[in-house]
Amino acid sequence: MVGIQWSSVSSTYCKDMASSVYRPHSVTITEFGAVGDGVTLNTKAFQNAIFYLNSFADKGGAQLFVPAGRWLTGSFSLISHLTLSLDKDAEIIGSPDSSDWPVIDPLPSYGRGRELPGKRHQSLIFGTNLTDVIITGANGTIDGQGAIWWGWFHNNTLNYTRPHLVELMYSTDVVISNLTFKNSPFWNIHPVYCSQVLVQHVTILAPLNSPNTDGIDPDSSTNVCIDHCYVRNGDDVIVIKSGWDEYGISFARPSTNISISNITGETRGGAGIAFGSEMSGGISEVRAEGLRIVNSMHGIRIKTAPGRGGYVKNVYISDVSMDNVSMAIRITGNFGEHPDDKYDRNALPMISNITIENLVGVNVGVAGILEGIEGDNFSSICLSNVSLSVQSMHPWNCSLIQGYSNSVIPESCEQLRTDCGQTPICYDGGSSSAIHAQAPRHRLSSASRLLDPLLKLATL
């Protein structure tokens with residue numbers, strides 16, 4: 001497998017890591033009867049090819065190559081020591097028939113489907129208990145044809161929670177790279193209960209009004225690197241999760257040691273980077289740098305609620321630019337949405353050691369709404385070197401939080417006015433066990449320096 005040394009990941013950017021490894025055995029999907037006409041259902045071909053390649057798992061692994069064409073399929077499952085590789089003109093497209101997406105058990109850390117009680121549809125590309133898996137291509141495309149699912153969602157005719165495009169569970173040494181993901185029925189890329197995950201050089205596209213089409217969702221996962229991605233979708237660009245209320249508390253598997261860098265995003269309904277709202281297993285040691293967020297509802301957001309328990313702590317976000325964002329920073333302590341009525345209303349989340357620095361924004365509606373929970377003040381919220389061109393006459397609204405600020409324009413709310421430059425309490429991103437090297441921090445000399453390349457991407 002690719003030699004990913006997580007203990008030496010840079011504090012600013014993940015090192016470029018190879019998204020391919022030599023596989024001594026390779027087959028093409030057409031060898032198993034697949035037809036790339038966009039009409040023929042190829043689920044059996046994918047399943048048979050992967051079943052055949054399983055015999056090479058202990059012989060150096062294998063590659064399944066998908067050539068140019070439009071390859072219609074239902075859900076299929078991967079195996080360990082496999083590379084799924086797409087030609088630049090290859091499109092794997094999801095079947096519009098829901099029966100081609102099997103129904104599986106809910107995640108134990110959620111206790112039910114995320115949208116509906118009970119089970120959920122399996123993702124288009126699925127895997128569990130795997131190691132050494134690569135999903136890559138020369139910017140080939142995986143298209144979920146999600147419009148039909150979005151219609152069912154809006155019409156309340158779904159029987160089960162919608163499927164993701166890619167979900168890998170209980171897996172390690174995973175690389176997803178050099179691909180375009182389009183029109184996911186639900187979340188796009190969902191590593192859950194995974195470790196050693198690299199998502200790099202991917203493009204994720206969905207209409208801005210598509211429901212819940214999150215981009216990349218590390219969930220109860222450890223040692224995750226997300227780097228050089230462009231996302232334009234209907235919900236959070238990148239969102240870190242770790243289980244839902246009493247189920248997440250009981251499962252007790254946090255998301256930790258997560259590095260995010262060089263992300264460009266646009267979302268009408270979500271945030272550029274978000275935490276929660278399902279965070280009951282805990283989220284910590286997150287470093288995000290080089291974020292470009294345009295034409296979006298929120299820039300940076302933490303979502304939680306009484307009953308969640310868990311924590312979001314030791315989060316460092318730096319080198320961020322925003323343009324045409326309704327709200328730059330939002331912390332919501334009463335997000336709501338519970339899986340059932342069995343959650344413990346006294347299970348209060350802990351939100352602490354959140355540092356945001358080197359942030360510039362133009363055409364921003366509101367600088368921030370930061371709201372904690374009664375009896376559960378969110379603490380050590382630190383803002384430094386923040387410059388926002390804000391339209392609102394009331395740029396900040398803060399309650400039930402404590403923290404510090406330094407060089408913030410417009411002046412931060414009263415609860416944050418202690419100078420974080422004079423206190424050691426602010427988290428500097430240096431304590432993560434996955435991140436040791438301290439690279440130079442990028443000071444923002446001007447908004448245009450950061451926003452120009454972003455605006456060029458946003459017009460694509």
Side-chain angles (χ1 to χ4, degrees), residues 1-4 13-32 34-38 40 42 45-46 49-50 53 56 60-73 76 78-94 123-127 130 132-146 164-168 173-184 188-189 191 197-206 215-216 225-233 261-265 453 456-457 460:
M1 175 53 191
V2 183
I4 301 174
Y13 300 110
C14 293
K15 303 292 186 184
D16 280 344
M17 290 174 274
S19 61
S20 62
V21 63
Y22 175 69
R23 304 291 195 192
H25 307 279
S26 181
V27 298
T28 301
I29 191 64
T30 53
E31 296 176 47
F32 296 84
V35 179
D37 59 3
T40 304
N42 295 297
F46 277 99
I50 291 169
L53 292 175
F56 300 104
Q63 173 179 276
L64 175 57
F65 179 68
V66 181
R70 302 184 74 241
W71 308 92
L72 181 70
T73 181
F76 61 91
L78 304 181
I79 56 173
S80 294
H81 310 294
L82 176 74
T83 297
L84 175 64
S85 179
L86 278 66
D87 179 83
K88 65 182 179 65
D89 294 318
E91 290 186 66
I92 294 177
I93 56 177
S123 61
L124 184 64
I125 300 174
F126 181 73
L130 305 181
D132 179 18
V133 177
I134 299 172
I135 306 171
T136 190
N139 202 34
T141 299
I142 298 172
D143 186 344
Q145 297 201 110
H164 313 302
L165 272 187
V166 175
E167 181 180 72
L168 299 177
D173 292 335
V174 172
V175 175
I176 301 173
S177 69
N178 299 295
L179 289 169
T180 295
F181 296 85
K182 293 172 56 177
N183 302 320
S184 178
N188 278 266
I189 299 173
V197 177
L198 170 63
V199 181
Q200 188 175 54
H201 300 300
V202 303
T203 298
I204 296 174
L205 303 171
I216 305 167
C225 174
I226 303 169
D227 180 47
H228 279 96
C229 298
Y230 175 81
V231 181
R232 185 178 187 271
N233 65 345
S261 57
N262 301 302
I263 306 300
T264 298
K456 289 175 183 176
L457 275 171
L460 293 178

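Side chains are part of it too, since the values below use all heavy atoms of this structure and drop only hydrogens, waters and symmetry mates.
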Asker: Apply side-chain contact (heavy atoms from CB on, under 4.5 Å) to Val27 and Phe32, showing your working.
Answerer: CA-CA 9 Å; Val27 298; Phe32 296 84; 3.7 Å; yes

Asker: Find out whether Leu84 and Val133 are in side-chain contact, i.e. whether some heavy atom of one side chain is under 4.5 Å from a heavy atom of the other.
Answerer: no

Asker: Compare all side-chain heavy atoms of Val202 with those of Phe181 and state whether any distance is below 4.5 angstrom.
Answerer: yes

Asker: Hey, could you give me the CD1/CG distance between Ile135 and Leu82, rounded to the nearest 0.5 Å?
Answerer: 8.5 Å

Asker: OG of Ser177 to CG of Leu198: how many Å apart, nearest 0.5 Å?
Answerer: 7.0 Å

Asker: Quick check for you: to the nearest 0.5 Å, what is the distance between Ile189 atom CD1 and Leu168 atom CG?
Answerer: 9.5 Å

Asker: Kindly compute the distance separating NE2 (His81) from CZ (Arg23), expressed to the nearest 0.5 Å.
Answerer: 8.0 Å

Asker: How about Leu124 and Ile142: do any of their side-chain heavy atoms sit closer than 4.5 Å?
Answerer: yes

Asker: So Pro67 and Thr30, do their side chains get closer than 4.5 Å, heavy atoms only?
Answerer: yes

Asker: Would you say Asp87 and Val66 make side-chain contact, with heavy atoms under 4.5 Å?
Answerer: no

Asker: Report the residues that fulfil side-chain contact (heavy atoms from CB on, under 4.5 Å) with Ala62, sequence neighbours left out, ordered by chain and then residue number.
Answerer: His25, Leu53, Phe56

Asker: Got a sec, which residues hit ring-ring contact (aromatic ring centres under 6.0 Å, His included) with Phe126, two or more places apart in sequence or on another chain?
Answerer: none

Asker: Establish, from distance only, whether the side-chain atoms of Thr136 and Ser85 form a donor-acceptor pair under 3.5 Å.
Answerer: no

Asker: Any non-hydrogen side-chain atom of Phe46 less than 4.5 Å from a side-chain atom of Ile92?
Answerer: yes

Asker: Taking all non-hydrogen atoms of both residues into account, name the closest pair between Ser184 and His164 and its distance.
Answerer: OG-C, 4.1 Å

Asker: Would you say the side chains of Thr141 and Glu91 form a donor-acceptor pair under 3.5 Å?
Answerer: no

Asker: Do Val199 and Cys225 come close enough that some side-chain heavy atom pair is under 4.5 Å?
Answerer: no

Asker: Please name the pair of heavy atoms, one in Pro24 and one in Gly60, separated by the smallest distance, quoted to 0.1 Å.
Answerer: CD-O, 3.3 Å

Asker: Taking Glu31 for the side chain and Thr28 for the main chain, is one N or O donor matched with an acceptor at less than 3.5 Å?
Answerer: yes

Asker: Evaluate the side-chain contact (heavy atoms from CB on, under 4.5 Å) criterion for residues Ile226 and Ile263: first the C-alpha distance (whole Å), next the side-chain angles of each, then the deciding distance (0.1 Å), finally the verdict.
Answerer: CA-CA 8 Å; Ile226 303 169; Ile263 306 300; 4.0 Å; yes

Asker: Any donor and acceptor pair, going by atom type alone, linking the side chain of Gln200 with main-chain N or O of Asp227 inside 3.5 Å?
Answerer: no

Asker: What distance separates Asp143 CG from Leu72 CG, expressed to the nearest 0.5 Å?
Answerer: 10.5 Å

Asker: Could you tell me the separation between the CH2 atom of Trp71 and the OG1 atom of Thr40, rounded to the nearest 0.5 Å?
Answerer: 9.5 Å

Asker: Decide side-chain contact (heavy atoms from CB on, under 4.5 Å) for Ser80 and Leu130; before the verdict, give the C-alpha distance in whole Å, the side-chain angles of both, and the deciding distance to 0.1 Å.
Answerer: CA-CA 5 Å; Ser80 294; Leu130 305 181; 3.8 Å; yes

Asker: Please lay out, stage by stage, how Val166 and Ile176 fare under the test side-chain contact (heavy atoms from CB on, under 4.5 Å).
Answerer: CA-CA 10 Å; Val166 175; Ile176 301 173; 4.1 Å; yes

Asker: Side chain of Ser123, backbone of Ile125: donor and acceptor closer than 3.5 Å?
Answerer: yes

Asker: Which of these passes side-chain hydrogen bond (donor to acceptor under 3.5 Å, both in side chains) with Asn139: Thr180, Asn178, Thr203?
Answerer: Thr180

Asker: Does the Asn42 side chain pair with the main chain of Val35, one donor and one acceptor, at a distance under 3.5 Å?
Answerer: yes

